[in-house]
Amino acid sequence: MSALGLQGASYLTARYPIGTVSRNKMRNVFGQSGVSESSSSTPGGNYHGTLKMGYLHSEFSPVSGQELHMKYDESSTDDDPVMYVEGKDIRGKSFTRKIHLNDVNAENATPAEMTALRVHLAQQDDKSVKASSGIPLMALGSHQDVNASMDFKQYYENWASNLENAGLKQNAGIYRSEMERYLFYQRTKGATFSDTDDASSATTKPTGRLDDEDYDYLSSNWNPSNMSRKDYDEFLDFLQSKGIISEEDKDYAKGIRQCTGEPETWYSPLDPVHDFLDGNVLAFLRYESSLIYDHETTETKHGIALSKKITSIMEEMVKRRGDN
């Protein structure tokens with residue numbers, strides 16, 4: 001969905017910063033140019049081994065001697081992604097196989113299957129696996145055969161629990177968020193958060209709640225003070241998937257508003273923050289939450305309430321991240 005540029009506005013010097021803007025334009029709080037983003041197409045450099053020519057990913061365990069090399073199969077499609085895998089198992093026997101990623105079940109999967117799913121998501125620039133923990137290879141290196149099934153959900157939970165017991169709560173959150181991404185893929189057969197319709201709709205009031213694991217996931221994957229446009233959209237998609245905001249809320253937060261053509265006038269006790277081109281979404285939403293309109297409407301009340309809701313979530317994220 002495209003967004004029009006922020007309409008020019010004049011701000012008067014008075015007791016409070018004052019602003020006006022016509023609602024016949026949609027706000028684009030990132031401005032005209034997008035925030036630069038770094039991306040990684042493959043899990044980076046965590047393992048011994050050299051990328052095999054023509055392949056997307058290669059892994060080698062010096063402990064067990066097992067190998068994995070993978071690339072998309074010729075039969076692979078967007079709806080049915082298929083990874084071609086070759087390697088060596090724990091007995092040193094060479095093998096080849098095709099893995100249909102939509103069929104991977106994290107509670108009964110092989111290290112080869114979980115690695116293939118991780119590589120696929122990394123190719124899509126998925127945040128949860130960009131800096132992948134590489135647990136599938138850890139299993140592979142601990143004498144778990146590359147083609148033998150195991151319960152990775154429990155395996156990840158054990159790792160996360162051990163980290164929490166060692167006082168490394170944020171690291172535990174990273175493992176849990178990675179596994180949650182795999183489980184989400186499993187439930188939706190590869191759909192993105194925005195593709196799913198299992199939470200709230202524009203006509204349904206959101207009733208979801210965020211638990212500790214959700215906040216760990218959020219704080220591990222997004223920094224409210226440093227978000228790109230893509231980060232912000234994915235963050236809102238996640239909140240919708242959890243039933244925290246509706247489709248209507250999400251569109252409003254993205255700048256897609258119903259237009260009346262009438263001007264709005266407001267003031268705020270805070271210094272004005274008119275966009276977050278610098279990536280500081282939290283500062284922008286705090287300002288939006290503080291606005292006092294001369295003439296309140298249903299839309300302005302909705303906007304303030306929504307900004308306050310998202311701001312409170314982001315402030316909890318900052319608290320858990322330990323950011324100042």
Side-chain angles (χ1 to χ4, degrees), residues 38-153 155-156 177-196 230 234:
S38 59
S39 63
S40 173
S41 60
T42 59
N46 295 328
Y47 316 116
H48 298 281
T50 302
L51 182 65
K52 188 170 183 177
M53 185 175 295
Y55 284 74
L56 290 172
H57 182 78
S58 294
E59 293 187 6
F60 168 70
S61 169
V63 177
S64 65
Q66 300 185 89
E67 294 182 28
L68 288 175
H69 308 279
M70 51 190 62
K71 60 184 178 181
Y72 286 111
D73 188 69
E74 292 181 354
S75 65
S76 182
T77 65
D78 289 341
D79 293 333
D80 180 23
V82 181
M83 198 71 71
Y84 174 84
V85 181
E86 68 172 69
K88 290 184 180 179
D89 63 19
I90 201 166
R91 298 176 298 279
K93 184 178 179 180
S94 297
F95 69 90
T96 62
R97 61 177 298 198
K98 296 179 181 180
I99 298 174
H100 289 260
L101 300 177
N102 288 348
D103 295 334
V104 175
N105 177 358
E107 296 177 80
N108 185 32
T110 69
E113 289 171 337
M114 290 300 292
T115 302
L117 181 54
R118 189 188 72 219
V119 171
H120 173 61
L121 291 173
Q123 285 290 312
Q124 296 179 327
D125 201 28
D126 192 283
K127 292 180 66 65
S128 297
V129 299
K130 267 186 176 181
S132 175
S133 60
I135 281 186
L137 184 63
M138 294 178 190
L140 184 155
S142 61
H143 305 292
Q144 169 73 18
D145 189 90
V146 68
N147 289 317
S149 297
M150 58 183 286
D151 186 346
F152 273 95
K153 181 180 178 181
Y155 192 68
Y156 270 69
S177 67
E178 186 178 330
M179 175 48 60
E180 179 58 35
R181 183 65 185 95
Y182 296 142
L183 294 174
F184 184 87
Y185 186 98
Q186 177 183 324
R187 292 193 302 270
T188 63
K189 300 300 182 184
T192 63
F193 286 132
S194 58
D195 289 333
T196 59
K230 181 181 178 184
E234 290 177 347

Let's go through V119 and K71 carefully: what are the C-alpha distance in whole Å and the side-chain angles of both, what is the deciding distance for side chain to side chain contact (heavy atoms under 4.5 Å, CB included) to 0.1 Å, and is it a yes or a no? CA-CA 9 Å; V119 171; K71 60 184 178 181; over 6 Å; no
Hey, mind stepping through H120 and M83 against side chain to side chain contact (heavy atoms under 4.5 Å, CB included) and telling me if it holds? CA-CA 8 Å; H120 173 61; M83 198 71 71; 4.1 Å; yes
Candidate pair M70 and T115, rule side chain to side chain contact (heavy atoms under 4.5 Å, CB included), full reasoning: CA-CA 9 Å; M70 51 190 62; T115 302; 4.0 Å; yes
Applying side chain to side chain contact (heavy atoms under 4.5 Å, CB included) to M179 and M114, what does each step give before you reach the verdict? CA-CA 10 Å; M179 175 48 60; M114 290 300 292; 4.2 Å; yes
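Between R91 and D89, at least one side-chain N (NZ, or NE/NH1/NH2) sits under 4.0 Å from a carboxylate O, which counts as a salt bridge. The residues R97 and E113 are annotated as salt-bridged, a charged nitrogen and a carboxylate oxygen being separated by less than 4.0 angstrom.
Checked by atom type and distance alone, the side chain of T110 never pairs as donor or acceptor with a backbone atom of N147 at under 3.5 Å. Under a 3.5 Å cut-off, the side chain of N102 and the backbone N or O of D79 do form a donor-acceptor pair.
A cation-pi arrangement is absent between K98 and Y84, since the terminal nitrogen or guanidinium carbon is not both under 6.0 Å from the aromatic centre and inside a 45° cone about the axis.
Defined by atom type and a distance below 3.5 Å, a donor-acceptor pair is present between the side-chain atoms of E178 and Y182. Under 3.5 Å, the side chains of D73 and S75 contain a donor-acceptor pair of N or O atoms.
Between N105 and D103 there is no side-chain heavy-atom pair separated by less than 4.5 Å. For the pair T96 and V85, the minimum side-chain heavy-atom distance is 4.5 Å or more. Under the 4.5 Å side-chain criterion, counting only non-hydrogen atoms from C-beta, L117 is not in contact with Q186. Residues Y185 and L101 meet the side-chain proximity criterion, which asks for heavy atoms closer than 4.5 Å. Contact annotation: the side chain of E67 never approaches that of S58 to less than 4.5 Å [non-hydrogen atoms, C-beta and beyond]. Contact of the L68 side chain with the F60 side chain is not registered, since no non-hydrogen atoms from C-beta on lie closer than 4.5 Å.
Note that OG of S149 and CD of E107 are 12.5 Å apart. Values are rounded to the nearest 0.5 Å. Summarising the geometry, atom CG belonging to L51 is positioned 11.0 Å from atom CD belonging to E59; distances are rounded to the nearest 0.5 Å.
In plain terms, the two heavy atoms of P81 and S76 that are nearest each other are CA-OG, 3.3 Å. In terms of heavy atoms, A148 sits closest to P111 at O-CD, 3.4 Å.
For K88, the NZ atom sits in a loose shell: 12 or fewer heavy atoms of surrounding residues, nucleotides or ligands are nearer than 6.0 Å.
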